[in-house]
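Please read the structure below before turning to the comments.
The chains referred to below are lettered A, B, ... by the order of the sequence lines, with proteins before strands, and numbering in each begins at 1.
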There are 2 protein chains.
Amino acid sequence: MSNEIEAVPKESIKRLQIIQAAFKLFSENGFYATGVDLIMRQAHVSKRTMYVYFPAKNDLIVAVLKFYRANYERSLSDLLARNDLSSREKIVAIFEDAARNWFANSQFHGCLAVNAMGEFAGKDPNIENACLEFKTWELDVFRELTKELPVMNPQDLAFKLLVLLEGMGGIAQVMKQPCPIDIKQMVNDLIDCQCVV
Amino acid sequence: MSNEIEAVPKESIKRLQIIQAAFKLFSENGFYATGVDLIMRQAHVSKRTMYVYFPAKNDLIVAVLKFYRANYERSLSDLLARNDLSSREKIVAIFEDAARNWFANSQFHGCLAVNAMGEFAGKDPNIENACLEFKTWELDVFRELTKELPVMNPQDLAFKLLVLLEGMGGIAQVMKQPCPIDIKQMVNDLIDCQCVV
DNA sequence: AAAAGGGTAAACAGATTTGTTTACCTTACG
DNA sequence: CGTAAGGTAAACAAATCTGTTTACCCTTTT
């Protein structure tokens, strides 16, 4: 017999089903408001199985936040990999995608990491950490892009872009309407203001 | 003497105690996670009294959101009333206050209206409405200020400022660190980019 | 002094939550 | 074929939540 410590498969189908169902429900209805029973029913999984993969609800929340980030990362990878676009064009594209997908979309529920902080700040360090890691990763994406630009301080510009993206998310979440401003122009202006050329 | 209008439930001391206690608890711990029993204990009020003023928890949440807005409005009124400051200086001051109070303050829990949307979007129209009204009011404040500026499109600029302020709140909520960028410069750049002069 | 508000304390109902366990089933595989 | 892993269904414990009611107490006013 293998005397390994019983390793829960990290890539089990069931585990993924649970995370996907939980992601949808947490996004639409919030974390506290979503009961474990509902998740388990939507995932077509028994409670016993859920208990094996996620001993506590908060463990599942952390996993969902990581899944959320991995999803975002994957959806960006194609864009970032393209070599027919300049870094500036990639940045603009990120914002235009966001504007198109978030504003005037009643199915948009804001950044999951921010929502999670609203419910768990000061209560669960693991969840706080997952949220921080998500935003840190977003910042890193911008940092990779801005360091290719002829600007005075790429780090500062990356943070400014992060703030801008965050603001779009928050506003779109509350005010559901077509995005009334020219995001492309705003981003380009922001970059131009720091250009050394 | 004081024969002012008297003891209207809207202005009751007890009512205010409840709202203030609830505001603190909702901000720190979230809405669902905060039980009515705890609110009532912190407000030094019996459950029967709470039930008189707020037949349901969601009624209290709406009242708290209105209180949150009224508070913000009052804290801005001094600044907005000053006539030794230009509109541009007032706008910059709003952002510098926000940067100082939000970043690197572990007691900052983000915009209550955004947090509320995260928990109640699609569930309670009254709460959704209160959140929307809060952001609309914030936008109006900026609109009043930008229409004094020599810019092409004051309405657009106001919305951009709103997005920027929102972004600062969201980022500060998750990444608790000293604000690493020069907010004053960023706001001025944003305004300058739309100046006609 | 008596009546009437306004408030308190506490018990209670009914539903729902997370977390735990037991007993059974299905299916892949040596 | 037969075993063992992995999953299901369902009952259950214990706590908690909102919402409701009853009985009482204090203070003000008349």
Residues touching DNA chain D, which here means a heavy atom under 4.0 Å, drawn from residues 115-123 of chain A:
none

Just to confirm, is there a sub-4.0 Å distance from OP1 or OP2 of dG7(D) to any side-chain nitrogen or oxygen of Tyr51(A)?
no

Choosing from dT8(D), dG7(C), dG19(C), which nucleotide comes nearest the side chain of Ala56(A)?
dG19(C)

Atom-to-atom span, CZ of Phe31(A) to P of dT17(C) - whole angstrom
17 Å

Can you run down the salt bridge (Lys or Arg N to Asp or Glu O under 4.0 Å) pairs that involve residues 154-166 of chain B, sequence neighbours left out, and say none if there aren't any?
Lys135(B)-Glu166(B)

Expressed in angstrom and rounded to an integer, what is the separation of Asp59(A) atom CG from dT20(C) atom P?
11 Å

Will you find, in the side chains of Asn188(B) and Arg88(B), an N or O donor that is under 3.5 Å from an N or O acceptor?
yes

Taking OH from Tyr53(B) and P from dG19(D), how many angstroms apart are they, rounded to a whole number?
18 Å

Mark yes or no for whether Asn105(B), through its side chain, and Asn101(B), through its backbone, hold a donor-acceptor pair below 3.5 Å.
yes

salt_bridge(Arg69(A), Glu73(A)) N-O dist < 4.0 Å
yes

From CD1 of Ile18(B) across to P of dG6(C) the rounded distance in Å is 15 Å

What one-letter contact string describes nucleotides 9-14 of chain D from 5' to 3', where B marks a base within less than 4.0 Å of any protein heavy atom, S marks contact via sugar-phosphate atoms alone, and - marks no contact?
B-----

Are any side-chain N or O atoms of Lys90(A) and backbone N or O atoms of Leu80(A), one a donor and one an acceptor, separated by less than 3.5 Å?
yes

Return each pair, listed once, that meets ring pair (Phe, Tyr, Trp, His ring centres under 6.0 Å) where at least one residue sits in residues 139-193 of chain B; pairs must be two or more places apart or across chains.
Phe95(B)-Phe142(B)

Keeping the roles fixed (side chain from Lys176(A), backbone from Trp102(A)), state whether a donor-acceptor pair exists under 3.5 Å.
no

Leu162(A) and Met175(B), any side-chain heavy atoms less than 4.5 Å apart:
yes

Salt-bridge test for Asp84(A) and Arg82(A): reply yes if a basic N is under 4.0 Å from a carboxylate O, no otherwise.
yes

Pairs involving residues 118-134 of chain B, ordered by first then second residue, that meet salt bridge (Lys or Arg N to Asp or Glu O under 4.0 Å) (sequence neighbours left out):
none

Please state how far atom CG in Asn58(A) lies from atom C1' in dT17(C), giving the value in whole angstrom units.
13 Å

Are the side chain of Glu89(B) and the backbone N or O of Ser86(B) linked by a donor-acceptor pair below 3.5 Å?
yes

Please tell me if Thr49(B) has a side-chain N or O lying less than 4.0 Å from either OP1 or OP2 of dG6(C).
no

Between atom CD in Gln17(B) and atom C1' in dT8(C), what is the gap in whole Å?
13 Å

Looking at residues 32-44 of chain B, who's got a heavy atom less than 4.0 Å off DNA chain D?
Thr34(B), Gly35(B), Val36(B), Asp37(B)

Expressed in angstrom and rounded to an integer, what is the separation of Ile61(B) atom CD1 from dT18(D) atom C1'?
12 Å

Distance check needed: dT21(D) P versus Met50(B) CE, whole Å only.
16 Å

